[in-house]
Amino acid sequence: MFIFSLAVSTVFAVITKNTPKEQFHYGVRVLLYFLGAAIILGWIMRPFPF
Amino acid sequence: MSNGDLPEAQPTASAETAQESEIRTEESPSAPFETSAPASPDTVVTPIPTRSLPTPLAYAVAASAWLVPGLGHLLLGRWVRSLLLAGSVLSLFVLGLQMDGQLYGWKFDRSPTASQGVPLQALEFFGDAGVGIPYFAAMRMGMGKGKLENRSFDYGEKFLWVAGLLNYLIMLDAFDVAMGRKP
């Protein structure tokens with residue numbers, strides 16, 4: 001999950017932002033969003049048996 | 001508002017406007033239409049340089065970006081971006097294959113016992129083929145058969161699709177850079 005998030009956030013950051021500083025900040029933010037969303041959704045789905 | 005405020009305020013505003021117009025005229029005498037969007041003389045806007053290629057060449061760059069992930073940006077001289085993009089897409093593709101994900105071809109399975117319907121398989125082929133030459137090479141080498149009994153099969157499929165779809169975005173970005181639409 002981390003590798004997937006890292007690769008996708010890297011591509012998003014590189015193609016949407018222009019300067020390296022913007023790319024770094026945006027990439028880190030998207031990576032954290034990915035990981036946070038996965039963890040939160042995982043806990044939300046935990047009680048469901050299906 | 002009292003009547004005595006207006007005569008004091010109006011000359012000040014008009015004096016500032018006159019000063020700004022003088023400054024603007026001194027800085028850019030050849031740009032008379034900037035009065036609609038007045039810029040502060042303190043604000044210095046440095047445009048990021050872009051360069052545009054002829055349209056056929058831009059299409060060639062886009063095609064190369066699709067065939068080999070990262071090649072489009074490399075041809076445009078952005079080798080750091082090229083390495084990052086190629087590394088991301090190819091790592092997703094290789095990991096997808098290692099996780100026994102399945103690559104879908106363009107010959108659709110029309111048998112009635114097929115687990116995948118034809119329209120859905122077309123979308124899967126579209127996603128997989130976005131990687132370009134690595135996809136065709138893997139298909140040629142008999143990789144990407146997919147093992148449904150493996151737990152990682154489903155994850156592998158998603159890795160392969162996302163690798164291809166990301167490469168389509170990279171291809172469009174390379175085209176935009178080649179056309180001079182973005183730096």
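Just so we're on the same page: letters track the sequence lines, and every chain starts at 1. Worth knowing before you read on, the calculation uses all heavy atoms, side chains too, and leaves out hydrogens, waters and symmetry mates. Nothing here was measured: the structure is a model prediction, and the numbers come from that model.
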(Q) Does any part of the side chain of B:Leu169, heavy atoms only, come nearer than 4.5 Å to the side chain of A:Phe12, both counted from C-beta? (A) yes
Q. Quick check: are there more than 12 heavy atoms from other residues, nucleotides or ligands sitting under 6.0 Å from CZ of B:Phe136?
A. yes
Q: Test B:Leu166 against every option in A:Val11, A:Thr10, A:Ile15 by the side chain to side chain contact (heavy atoms under 4.5 Å, CB included) rule and name the one that passes.
A: A:Val11
**Q.** Pairwise distance OG(B:Ser88) to CG(A:Leu6) - rounded to 0.5 angstrom
**A.** 7.0 Å
**Q.** Counterpart residues, side chain to side chain donor-acceptor pair (under 3.5 Å), relative to B:Lys158 (two or more places apart)
**A.** B:Asp154
Q) Is it the case that more than 12 heavy atoms not belonging to B:Tyr155 sit under 6.0 Å from its OH atom? A) no
**Q.** Heavy-atom closest pair, residues A:Asn18 and B:Arg81
**A.** O-NH2, 3.2 Å
Q: Just jot down the side chain to side chain donor-acceptor pair (under 3.5 Å) partners of A:Arg29, sequence neighbours excluded, or say none.
A: none
Q: For B:Leu83, look at atom CG and say whether over 12 heavy atoms of other residues, nucleotides or ligands are found less than 6.0 Å away.
A: yes
Q. Between B:Leu95 and chain A, which part of the residue has a heavy atom less than 4.5 Å away: side chain, backbone, both or neither?
A. side chain
